[in-house]
Amino acid sequence: MSRYNFRETETKWQRVWRERQLFAVAAEPGRPKYYVLEMFPYPSGKLHVGHVRNYTMGDLVARYRRARGFNVLHPMGWDAFGLPAENAAIAENVHPAIWTAQNIATMRAQLERMGFAYDWSREIATCHPEYYRHEQKMFLDFLVAGLAYRKESWVNWDPVENTVLANEQVIDGRGWRSGAIVERRLLSQWFLRITAFTDELLGAISRLDRWPERVRLMQENWIGRSEGARVFFDTAGPLPDPPPLAGEGRVGAIEVFTTRQDTLFGASFVALSPNHPLAQRLAENDAGLADFIAECNRMGTSEAVIETAEKRGYKTGLEAVHPFDPNRRVPVYVANFVLMEYGTGAIFGCPAHDQRDLEFARKYELPVIPVVLPPGADPAHFTIDETAFVEDGTLFNSAFLDGLTVAEAKRAAGERLEALGRGERTVAYRLRDWGVSRQRYWGCPIPVIHCPQCGIVPVPESDLPVKLPEDISFAVPGNPLAHHPTWKRVACPLCHAPAERETDTFDTFFESSWYFLRFCSARDERAFSRDAVDYWMPVDQYIGGVEHAVLHLLYSRFFTRALKQCGYLDLDEPFAGLFTQGMVCHQTYRSENGEWLFPEEVERTDDGRLVGPDSRPVIVGRTEKMSKSKKNVVGLDAIVDTYGADTARFYLLSDSPPERDLEWTETGIEGIWRYVNRLWRMVSEPLLPLPPPGTAVPGGLPAEIADLRRATHRAIAAVSDDLDKFRFNRAVARIRELSNAIEELPAQSFAATPAALAVLREALETLTRLLGPMMPHLAEEMWQMLGGAGLLAERPWPVADPEWAREEQVTIAVQVNGKLRGTLECPRDTASGAVESAALQLPQVSRWLDGRPPRKVIIVPNRIVSIVA
RNA sequence: GCGGGCGUGGCGGAAUUGGCAGACGCACUGGAUUUAGGUUCCAGCGAUGUAAGUCGUGGGGGUUCAAAUCCCCCCGCCCGCACCA
């Protein structure tokens with residue numbers, strides 16, 4: 001029995017597609033377009049099978065939409081700036097540009113071997129000046145539009161490496177390489193005013209109806225709108241001199257944001273963020289407070305760390321006057337769980353009705369005053385022990401608020417604050433402006449110049465791009481741009497005095513916030529051609545990992561609006577449809593001494609044990625997302641070498657639903673390989689002689705042959721529907737059902753009749769065409785063997801004949817008292833009365849009815865008869 | 001801590017969205033072919049029971065003629081949290 005030679009076949013068809021430039025497209029105004037985009041990869045090295053799952057899905061969509069008649073744009077490029085290139089530069093002494101270029105070459109070759117239908121003429125790499133020059137211009141435009149500005153912000157600082165650390169580089173409060181305790185530092189940085197679009201970004205989410213619900217929810221929560229009030233607490237006690245600032249000009253007052261102004265009468269403390277100006281001012285004369293703040297700053301900047309740390313505070317000695325009762329005073333603390341970035345950087349604590357406040361109050365023995373009474377509770381005896389009461393109830397212990405519900409009390413308290421001039425109702429957002437400065441080399445230089453006389457001066461447009469210098473060294477800790485001997489020294493464009501370039505580079509999310517626009521006209525002199533963007537945008541189907549559900553997608557939505565405001569385009573939402581695919585997982589293996597092992601290092605012995613390289617036992621760990629660090633990766637090259645691209649592609653589409661994680665197994669890929677060969681033999685070694693292409697299927701088919709024809713047309717309908725709805729695993733199952741049905745035919749006695757053979761040809765051609773977007777090389781080969789005209793990649797998608805796609809005979813379930821007692825075969829749409837009497841006559845049914853007439857019969861047409869005895 | 005998601009045979013999953021639970025596949029078992037292994041073909045494959053049947057979708061409760069699907073409570077696992085991309 002022969003085997004499919006995928007090596008020869010796959011390279012052959014890839015050459016044909018390439019020579020004919022099948023996937024290079026141009027805008028054709030008037031013709032319907034479809035823009036399919038997979039999130040472009042970071043060129044980190046080599047691809048493993050986990051990387052190509054979303055490209056396989058994107059390619060399926062691209063080929064399918066193309067067959068459905070769309071002008072399909074399906075580009076690919078490289079998100080080429082980033083930290084790993086610098087890490088490699090330090091670890092392997094290779095220049096980031098070279099490391100990146102090598103990785104791009106390797107990964108492009110890998111993608112080409114997979115046979116993906118990309119328009120490679122639009123390939124971009126974001127590290128090229130031809131790409132990043134345009135975002136430097138955009139930044140200058142943002143600056144003019146007031147969408148970019150400079151302010152101080154906190155970073156993780158590694159005092160040994162002299163560098164800023166990403167949160168992921170901070171492990172248990174220490175720098176990942178140096179092991180030094182990480183500090184928080186205030187640095188002057190560039191920000192983009194994403195908050196200028198908060199309401200729009202939030203409001204438009206509801207119109208993104210082709211986005212996954214969970215991503216929309218995550219974006220909503222990220223923006224985090226909360227209604228509440230700002231409240232001023234006047235301070236009493238020794239104020240520092242000069243007194244600290246307070247918003248709205250109330251000198252000496254602490255401005256607090258709360259969503260629970262209804263619980264003000266339960267306040268027992270006010271707490272400031274360690275970075276609050278007042279806390280900073282007080283620390284100048286309080287060494288203990290300064291120490292406490294320093295300690296808080298060692299905690300790192302990540303919200304997860306801050307929120308899970310033990311609640312701690314420092315009593316400042318200051319007191320805050322209750323806004324509703326000048327005779328009540330509460331102590332002012334500095335507390336480690338108050339975030340400067342949210343609200344006003346200060347809170348009031350109501351321990352009875354907030355869990356964090358309660359923990360804090362118990363620790364520092366502060367009063368716990370309940371002011372909201374749960375429904376039905378007795379006000380005389382209601383107390384709080386270890387759990388704060390956060391639900392709705394009736395206000396008590398609260399003067400003029402007594403008897404109100406929480407919602408009513410929020411309104412009443414807000415109105416009273418406004419009347420007293422001690423606060424006002426307001427809306428706070430969790431969303432903060434986007435800090436884009438990075439103290440790194442491998443990124444796009446920020447095009448500004450610092451002049452001692454003129455201050456911050458934008459680089460004139462005629463001087464763009466500001467290119468990265470190539471001769472840099474990572475030998476000295478810190479940013480190579482900052483200690484480059486000459487690069488930063490320039491003349492001020494305004495006064496021509498000696499000045500310095502900004503040495504920070506952009507966050508790499510900057511590049512990925514507009515690359516989808518660049519793809520529309522990738523070689524244009526401008527960032528993009530307006531005509532091209534008007535034709536191709538928005539992206540019809542965007543595909544990528546859920547890990548980008550918030551930041552990348554939100555930044556891109558913001559960027560598109562910012563560009564619109566600056567007159568670049570007329571578009572709000574860049575991605576009309578979004579799909580987030582699951583990860584590819586694999587078992588993990590460890591040796592006895594705990595070292596991770598690659599899957600290819602593990603073998604199964606004859607008695608079924610798993611052993612490592614030295615025949616030592618292997619410990620099988622859990623199945624986890626493929627990652628280099630745990631070595632549970634399966635290299636793409638090895639799989640393509642052994643089984644071919646189509647087998648890998650089909651495996652990545654079968655079994656698991658695309659949005660869920662997929663487990664990669666050896667037995668699984670072998671199963672697909674067997675199926676690939678089965679398909680190939682069905683066409684290359686047909687068991688029955690096929691009639692020539694174009695042979696018409698005669699009318700009046702015998703029932704057995706009609707069954708195969710029905711299966712064929714049902715498969716077209718079902719697969720099309722599944723592909724439309726991203727149910728690729730189901731589409732695979734439907735295709736397998738069709739191939740099973742085809743294989744049953746030759747064994748039948750009627751199989752050699754002309755009618756049967758014509759139906760068989762139709763079935764085989766249909767199978768081939770349905771396989772086209774999934775296994776394009778094999779399908780192209782099958783198409784050729786079947787004598788089909790032209791290239792399969794250029795054929796339109798098959799159309800199901802509704803007459804044949806409909807089931808003629810249905811099986812109806814018969815239940816008695818909710819339990820299945822039998823089934824009924826009858827023609828589709830048989831009248832209810834006939835179905836009922838047939839059901840009642842079933843012997844299994846009469847047995848359970850025991851001679852009594854049924855009390856009730858429910859009939860769902862073509863589906864079920866439910867009899868209540 | 002906050003937010004999001006998931007849970008169905010030995011395994012991945014399917015179930016027309018409230019209507020025959022387990023489609024399709026992997027693994028496994030028996031048989032045929034083969035010098036052997038692999039391949040291929042046939043049959044079986046949720047648990048329990050000789051059978052009729054009974055039980056069964058993480059656990060418990062509820063709504064309904066009918067629940068994997070809807071409601072309430074609980075358990076477990078995974079992901080994100082602003083300088084990784």
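Chain letters run A, B, ... following the sequence lines, proteins first, then strands; residues in each count from 1. All values below come from the heavy atoms of this structure, side chains included, with hydrogens, waters and symmetry mates left out.
Residue A:P657 is classed as a sugar-phosphate contact, given heavy-atom separations below 4.0 Å to backbone atoms only. Residue-level contact check: A:S437 touches the bases, meaning some heavy atom is under 4.0 Å from a base atom. Across all strands shown, A:S512 has no heavy atoms under 4.0 Å from either base or sugar-phosphate atoms. Within the nucleic acid shown, A:R214 comes within 4.0 Å of sugar-phosphate atoms alone, with no base atom in reach, counting heavy atoms only. Heavy atoms of A:T823 sit under 4.0 angstrom from at least one base atom. Using a 4.0 Å heavy-atom criterion, one finds that A:F337 contacts no nucleic acid atom at all. Using a 4.0 Å heavy-atom criterion, one finds that A:E666 contacts no nucleic acid atom at all.
Nucleotides B:C28 and B:C11, compared at atom P, are 15 Å apart to the nearest Å. Nucleotides B:U8 and B:G4 have their C1' atoms positioned 22 Å apart, rounded to a whole Å. As rounded to the nearest Å, B:G7 and B:G12 have P atoms that lie 11 Å from one another. A distance of about 25 Å separates the P atoms of B:G25 and B:G58, rounded to the whole Å. Comparing the P positions of B:U16 and B:A23 gives an interatomic distance of 15 Å, to the nearest angstrom. For the P atoms, the distance linking B:A68 with B:A82 amounts to 41 Å, nearest Å. Taking atom C1' on both B:U63 and B:C73, the two are 16 Å apart, rounded to the nearest angstrom. Across the P atoms, B:G31 and B:C79 are found 45 Å apart, a figure rounded to whole Å.
Remark: A:R216 engages A:E213 in a salt bridge, criterion side-chain N to carboxylate O under 4.0 Å.
Counting to the nearest Å, the P atom of B:U39 and the CD atom of A:E685 are 17 Å from each other. Rounding to whole angstrom units, CZ of residue A:R430 and P of B:A82 are separated by 8 Å. If you take CD1 of A:I812 and C1' of B:U16, they are 15 Å apart, rounded to a whole angstrom. One atom, CD of A:E744, and another, P of B:A43, lie 9 Å apart when rounded to the nearest Å. The CZ-C1' distance, from A:R736 to B:G13, rounds to 13 Å in whole Å. Between the CG atom of A:L820 and the C1' atom of B:G18 there is a distance of 16 Å, rounded to whole Å. Atom CG of A:L662 and atom C1' of B:C26 are 12 Å apart (whole Å). Per the geometry, CD belonging to A:E511 stands 15 Å off P belonging to B:C84, to the nearest Å.
Here B:U64 is in the anti range [glycosidic angle more than 90° from 0]. For B:G12, the O4'-C1' to base torsion is more than 90° from 0; the nucleotide is therefore anti.
Listed candidates were B:C20, B:C83, B:A85. Nearest to the side chain of A:L551 is B:A85. Considering only side-chain atoms of A:D79, the nucleotide from B:G4, B:A85, B:C20 that sits closest is B:A85. Among the nucleotides B:C20, B:U16, B:C83, the one closest to any side-chain atom of A:Y555 is B:C83. When the nucleotides B:C20, B:C24, B:A85 are ranked by their closest atom to the side chain of A:A813, B:C20 comes out on top.
Within the structure, salt bridge (Lys or Arg N to Asp or Glu O under 4.0 Å) contacts touching residues 435-444 of chain A (residues at least two apart or in different chains) are A:R438-A:D507.
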Give each protein N/O atom lying under 3.5 Å from an N/O atom of nucleotides 27-30 of chain B, with the pair distance.
from, atom 1, to, atom 2, distance (Å)
B:A27, OP2, A:R674, NH2, 3.2

Close N or O pairs between protein and nucleotides 61-72 of chain B (under 3.5 Å):
from, atom 1, to, atom 2, distance (Å)
B:C65, O2, A:S866, OG, 2.6

Could you write out each protein N or O paired with an N or O of nucleotides 50-57 of chain B at a distance under 3.5 Å?
from, atom 1, to, atom 2, distance (Å)
B:A52, O2', A:R847, NH2, 2.9
B:U54, OP1, A:R821, NH2, 3.3
B:U54, OP2, A:R821, NH1, 3.4
B:C55, OP2, A:K819, NZ, 3.3

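Residues A:S654 and A:M583 both approach RNA chain B. Their nearest nucleotides, taken by heavy-atom distance, put A:S654 toward the 5′ side. Nearer the 5' end of RNA chain B, as judged by each residue's closest nucleotide, is the contact made by A:E359, out of A:F81 and A:E359.
In summary, the side chains of A:T811 and A:E825 do present a donor paired with an acceptor at a separation below 3.5 Å, with no hydrogens or angles considered. Side chain to side chain, A:N54 and A:E38 fail the donor-acceptor criterion of an N or O pair below 3.5 Å. If you check the side chains of A:E341 and A:W154, you find no donor sitting under 3.5 Å from an acceptor. A:S739 and A:Y675 are linked by a side-chain donor-acceptor pair at a separation below 3.5 angstrom, with hydrogens and angles left out of the test.
Between atom CG of residue A:N729 and atom CZ of residue A:R734 there is a gap of 9.5 Å, rounded to the nearest 0.5 Å.
In terms of polar N and O atoms assigned as donor or acceptor, the side chain of A:E663 never comes within less than 3.5 Å of the base of B:C26 in a complementary pairing. Donor-acceptor pairing under 3.5 Å, judged by distance alone, is present between the side chain of A:D655 and the base of B:G12.
One finds no side-chain N or O of A:R356 lying less than 4.0 angstrom from the OP1 or OP2 phosphate oxygen of B:G1. For B:C26, the OP1/OP2 oxygens have no side-chain nitrogen or oxygen of A:T665 closer than 4.0 Å. Look at A:R660 and you'll find a side-chain N or O under 4.0 angstrom from OP1 or OP2 of B:G7. The side chain of A:N740 places no N or O atom within less than 4.0 Å of a non-bridging phosphate oxygen (OP1 or OP2) of B:A23. Between B:A14 and A:N729, a contact under 4.0 Å exists linking OP1 or OP2 to a side-chain N or O.
Ring to ring, A:Y132 and A:F506 are not that close: their centroids are 6.0 angstrom or more apart. Aromatic ring centres of A:W514 and A:Y131: separated by under 6.0 Å. Ring pair A:F360/A:F337: centre-to-centre distance below 6.0 Å.
Between A:C585 and A:M626, every side-chain heavy-atom pair lies at or beyond the 4.5 Å cut-off. Residues A:W434 and A:S513 form a side-chain contact, since some pair of their non-hydrogen atoms from C-beta on lies under 4.5 Å apart.
For RNA chain B, if you chain together Watson-Crick or G-U pairs that step i with j, i+1 with j-1 and so on, the runs of at least three with distances under 3.5 Å are B:1-7 with B:75-81, B:10-12 with B:24-26, B:28-32 with B:40-44, B:46-48 with B:53-55, B:58-62 with B:70-74.
Near RNA chain B, meaning a heavy atom under 4.0 Å away, the residues from residues 82-91 of chain A are A:G82, A:L83.
Listed here is the closest heavy atom pair of A:Q815 and A:G818: OE1-CA, 3.8 Å.
For A:D433 (side chain) and A:I194 (main-chain N/O), a donor-acceptor pair under 3.5 Å exists by modelled atom type.
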